[in-house]
Enquirer: 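After the structure tokens below, expect a handful of questions from me.
Just so it is clear, the values below take in all heavy atoms, side chains as well, and ignore hydrogens, waters and symmetry mates. The residues of the chain are indexed from 1 along the displayed sequence.
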Amino acid sequence: MKLASILSIVAGIVNISGVLSVHTLTTNLTGHFAFFSEQLFLKNYSAAFTFLCYILFFLSGAFVSGVIIEYGSKYKSHQSYIIPISLEIAIILSVSIGSIIFPASGNSHHTIIASALLFAMGLQNALVTKVSQSVVRTTHLTGLFTDLGIALSQLLFYKEIAVRKALHKSIFLKTMIIGGFFLGGMVGGFGYQHFQLKILLLPVLLLLGTLWYDGLLFRYYHLKRKYGDLSSNWKK
């Protein structure tokens, strides 16, 4: 839940930053498919190709993340998720710093920024989807609102304590993710007014903090298990 909440805040910041800087949604593909179809209908093939690139970059990010996680799970690496998050950090950081070094504007510049952010969000969405076994997604809200509506409706029919407890946990999780996305959008929107794309340094810090915190937890449980086993052997 902590990971999903933090990553939803990251997605909210990235999404509003993309909208305000390059007028492009950078966390989901639904609108891009619509624009792609529209431009094909208008025979504006150059613009249609741009939207197709956006779709493919998100897909490529999800593919790369999936390959890394599958490879890690095959070889029983419990930290395979670090690589996709590290790649995401590198990409978002590059966009933020690049906007300072190369403050150029134009269609090609906008396309590069949007494509990079879509690739990063593809990495993130695939990571969370794999980790949660397809229960959680953090880069768009349509599915979350659908699942939330279904869970709320089930409260009217299921009276068993165990079932209602599970429904409450599910509703709380989805509400936290949705709230995180909204919070990220608001913080990113206000921050962009003052810092422009430098506001993307905030999600970079959030992701770095996540890796650091998770590393501490991993070492804590590793030491706890190690000394727990030693204590058990000593008692025997």
Enquirer: Just jot down the side chain to side chain contact (heavy atoms under 4.5 Å, CB included) partners of Ser37, sequence neighbours excluded, or say none.
Expert: none
Enquirer: Do the non-hydrogen side-chain atoms of Lys130 and Glu70 ever get within less than 4.5 Å of each other?
Expert: yes
Enquirer: Write down the atom of Ala120, the atom of Ile92, and the distance for their closest heavy-atom approach.
Expert: CB-CG1, 4.2 Å
Enquirer: For His23, does its backbone N or O pair with a side-chain atom of His110 as donor and acceptor, under 3.5 Å?
Expert: no
Enquirer: Would you say that more than 12 heavy atoms from the other residues, nucleotides or ligands in this model lie under 6.0 Å from the OH of Tyr192, or not?
Expert: yes
Enquirer: Between Leu152 and Ile178, is there a shared hydrophobic cluster once you connect ILVMFWY residues whose side-chain heavy atoms come closer than 4.5 Å?
Expert: yes
Enquirer: To the nearest 0.5 angstrom, please state how far the CZ atom of Phe119 sits from the CZ atom of Phe63.
Expert: 10.0 Å
Enquirer: Check whether any side-chain N or O of Ser115 sits under 3.5 Å from a backbone N or O of Ile112 as a donor-acceptor pair, and report yes or no.
Expert: no
Enquirer: Is the backbone N or O of Leu93 less than 3.5 Å from a side-chain atom of Ser96, with the two atoms forming a donor-acceptor pair by type?
Expert: no
Enquirer: Is the shortest side-chain heavy-atom distance between Leu56 and Leu118 below 4.5 Å?
Expert: no
Enquirer: Kindly compute the distance separating OG (Ser60) from CG (Leu123), expressed to the nearest 0.5 Å.
Expert: 9.5 Å
Enquirer: Taking Thr26 for its side chain and Val14 for its backbone only, find out whether a donor-acceptor pair lies under 3.5 Å.
Expert: yes
Enquirer: With distance as the sole test, does Gln124 use its side chain to make a donor-acceptor pair with the main-chain N or O of Leu7 at under 3.5 Å?
Expert: yes
Enquirer: What closest approach, in Å, do Ser8 and Met176 show between heavy atoms, and which atom pair accounts for it?
Expert: OG-O, 4.4 Å
Enquirer: Could you tell me the separation between the CD1 atom of Ile177 and the CZ atom of Phe182, rounded to the nearest 0.5 Å?
Expert: 13.5 Å
Enquirer: When rounded to the nearest 0.5 angstrom, what distance separates CG in Leu200 from CD1 in Ile97?
Expert: 11.0 Å
Enquirer: With side chains defined as the heavy atoms from C-beta onward, is the minimum distance between Thr24 and His32 less than 4.5 Å?
Expert: yes
Enquirer: Hydrophobic clustering (ILVMFWY, side-chain heavy atoms < 4.5 Å, transitive) - are Val187 and Leu205 grouped together?
Expert: no
Enquirer: Taking the side chain as every heavy atom from C-beta outward, state whether Phe58 and Asn28 have any atom pair closer than 4.5 Å.
Expert: no
Enquirer: Within a strict 4.5 Å, meaning less than it, do heavy atoms of the Phe181 and Ile9 side chains meet?
Expert: no
Enquirer: So, for Lys174 and Asp147, which heavy atoms are closest and what is the spacing to 0.1 Å?
Expert: CE-CB, 3.1 Å
Enquirer: Can you get from Phe36 to Leu42 by hopping between Ile, Leu, Val, Met, Phe, Trp and Tyr side chains that sit under 4.5 Å apart?
Expert: no
Enquirer: Counting C-beta onward and ignoring hydrogens, is there a side-chain heavy-atom pair between Glu88 and Val204 closer than 4.5 Å?
Expert: no
Enquirer: Would you say Thr210's side chain and Leu206's backbone share a donor-acceptor pair under 3.5 angstrom?
Expert: yes
Enquirer: What are the two closest non-hydrogen atoms of Ile199 and Ser17, and how far apart are they?
Expert: CG2-OG, 3.4 Å
Enquirer: Counting only heavy atoms from other residues, nucleotides and ligands, does the tally under 6.0 Å from CD1 of Ile100 exceed 12?
Expert: yes
Enquirer: List the steps, then state whether side chain to side chain contact (heavy atoms under 4.5 Å, CB included) holds for Ile113 with Leu197.
Expert: CA-CA 10 Å; Ile113 291 175; Leu197 282 176; 3.9 Å; yes
Enquirer: Determine the minimum heavy-atom distance between Leu211 and Ser86, stating which atoms define it.
Expert: CD1-OG, 4.1 Å
Enquirer: Where is the tightest heavy-atom contact between Leu155 and His168, given as atom of each residue plus distance?
Expert: CD2-NE2, 3.8 Å
Enquirer: Once rounded to the nearest 0.5 Å, what's the spacing between atom OH of Tyr54 and atom OG1 of Thr111?
Expert: 4.0 Å
Enquirer: As an exercise, state the distance from CE of Met186 to CD1 of Ile16, rounded to the nearest 0.5 Å.
Expert: 11.0 Å
Enquirer: Counting N and O atoms only, with roles assigned by atom type, does the side chain of Ser94 sit under 3.5 Å from a partner on the main chain of Ala90, one being a donor and the other an acceptor?
Expert: yes
Enquirer: With clusters defined by side-chain heavy atoms of hydrophobic residues (ILVMFWY) lying less than 4.5 Å apart, directly or transitively, does Ile150 cluster with Phe172?
Expert: no
Enquirer: Would you say that Leu148 contacts Leu144 through its side chain, given a criterion of any heavy-atom pair below 4.5 Å between the two side chains?
Expert: no
Enquirer: According to a hydrophobic-cluster definition based on side-chain heavy atoms being under 4.5 Å apart (Ile, Leu, Val, Met, Phe, Trp, Tyr only), do Phe33 and Phe35 belong together?
Expert: yes
Enquirer: Answer yes when Glu160 and Lys165 have at least one side-chain N-carboxylate O distance shorter than 4.0 Å, and no when they do not.
Expert: no
